[in-house]
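The structure presented is a predicted model; accordingly, all values stated were derived computationally and were not measured. Residues: numbered from 1 along the sequence shown.
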Amino acid sequence: MPDKSPIQLDDEQIAWLRGLPMSKRAAIVRDHILEHGAVTTDTLATVYGYGHPPRAKRDLIDAGAGVETRMITVDGKRMAEYFFTGVADKNAAGRVMIPKKFADELKESHGFRCAVCTGLFAGRELQADHRVPFAVGGDKPTMAYEDFMPLCASDNRAKSWSCEHCPNWTIKDVETCETCFWAHPEQYEHVETRQERRINLTFQGSETDLADKIIAESNARGVTAQSIVKEKISR
């Protein structure tokens, strides 16, 4: 099978890509690829600070851009490289941009807490996220708060990775997503189609003293902090 390679886009394709509505993150990646022909996951991580580079690629795809991946080696290091194919469906509906006012009100309605870890964050540290991934459920005709949730950057990356590696990612059954932990951590039936339950805890402020005690006990006993918490709960 021939290796995938970046192609030279024509002026019409470039103009179309520049006109696509997309997030600031996606626009930065788009502009880098248009200027340099491609972008590596290493560049996304070291230059732009994207801890989960595939998320940037997904943003572009969600916006309607055609993006391909190939593996390359730079200075002995193996990495992925993203580039435009020029064959995206120009008639496909791209992802609807989430208005800032809507995102701000969503975060405020959740008390500026991440829906997964329940940690308290500044508004700018939270991201308004589709409960059901856009790649599975798309956008509904009317934007409603119940279809979104605020996530901290860490849990947003974790959700992206988990969803993209879930068996339902290719099946795209919306009901399966709706009943998953990553869509409704407050009430769910499964985690990525597995029978599993999670209780995510974030210790902040004065609570960190309690976390330090749990960690110290776990280190002293040679067990995980999670097992200590389970033990204390089961008493």
Side-chain angles (χ1 to χ4, degrees), residues 1-100 102-104 107 114 121-130 133-136 138-139 148 150-165 169-170:
M1 183 177 179
D3 189 26
K4 300 173 183 176
S5 301
I7 69 170
Q8 184 67 41
L9 300 178
D10 59 35
D11 291 342
E12 181 184 355
Q13 291 169 327
I14 292 175
W16 177 73
L17 285 167
R18 290 198 183 281
L20 284 176
M22 59 181 66
S23 66
K24 180 180 178 181
R25 173 174 57 188
I28 289 174
V29 179
R30 175 202 61 198
D31 292 345
H32 183 102
I33 297 177
L34 289 177
E35 181 178 353
H36 301 280
V39 65
T40 66
T41 50
D42 185 68
T43 296
L44 289 175
T46 59
V47 176
Y48 298 109
Y50 296 153
H52 183 54
R55 178 67 258 179
K57 175 188 175 184
R58 172 51 54 186
D59 284 347
L60 287 170
I61 293 174
D62 288 347
V67 185
E68 275 286 5
T69 303
R70 70 171 181 172
M71 297 304 297
I72 63 172
T73 300
V74 179
D75 297 330
K77 184 178 179 180
R78 191 75 168 161
M79 65 188 69
E81 181 181 62
Y82 305 142
F83 56 93
F84 292 129
T85 63
V87 296
D89 181 2
K90 295 184 181 181
N91 296 315
R95 185 175 191 157
V96 175
M97 294 291 292
I98 300 175
K100 184 178 184 302
F102 180 94
D104 289 344
K107 298 169 189 177
C114 170
F121 295 89
R124 59 182 172 76
E125 297 176 306
L126 292 169
Q127 300 162 13
D129 186 74
H130 287 74
F134 174 83
V136 175
D139 279 312
F148 296 82
L151 293 180
C152 67
S154 178
D155 284 318
N156 190 290
R157 290 192 296 269
K159 178 180 178 179
S160 294
W161 191 95
S162 298
C163 290
E164 290 169 16
H165 290 80
W169 190 250
T170 53

For [X] and [Y], which heavy atoms make the closest approach, and how far apart are they?
X      : Y      : answer
Trp169 : Ala135 : CH2-CB, 3.5 Å
Leu17  : Met22  : O-CE, 4.1 Å
Ala128 : Ile98  : O-CD1, 3.6 Å
Ala26  : Leu60  : O-CD2, 3.4 Å
Cys152 : Cys114 : N-SG, 3.4 Å
Val67  : Thr85  : C-CG2, 4.1 Å

Minimum side-chain heavy-atom gap [X]-[Y] below 4.5 Å:
X      : Y     : result
Phe83  : Arg70 : yes
Leu34  : Phe84 : yes
Leu44  : Tyr82 : yes
Ser160 : Arg58 : no
Asp59  : Val29 : no
Arg55  : Tyr50 : no
His36  : Thr43 : no

For the atom pair [atom1] ([X]) and [atom2] ([Y]), what is the distance rounded to the nearest 0.5 Å?
X      : Y      : atom1 : atom2 : result
Lys159 : Gln127 : NZ    : CD    : 11.5 Å
Ile61  : Glu68  : CD1   : CD    : 8.5 Å
Ile33  : Glu81  : CD1   : CD    : 9.0 Å

Evaluate the ring planes of His130 and Phe148, with Trp represented by its six-membered ring, and classify them as parallel (under 30°), tilted (30 to 60°) or perpendicular (over 60°).
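The rings of His130 and Phe148 sit tilted, inter-plane angle from 30° to 60°.
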Using the rule given for side chain to side chain contact (heavy atoms under 4.5 Å, CB included), can you reason through Ile72 versus Thr40, listing the C-alpha separation, both sets of side-chain angles and the distance that settles it, and then say yes or no?
CA-CA 9 Å; Ile72 63 172; Thr40 66; 3.7 Å; yes
Is it the case that over 12 heavy atoms from other parts of the model lie below 6.0 angstrom from the CZ atom of Arg124?
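Atom CZ in Arg124 is not packed in, count stays at 12 or less.
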Indicate yes or no for a side-chain donor-acceptor contact from Lys107 to the backbone of Leu126 under 3.5 Å, with no hydrogens or angles considered.
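Such a contact is found between Lys107 side chain and Leu126 backbone.
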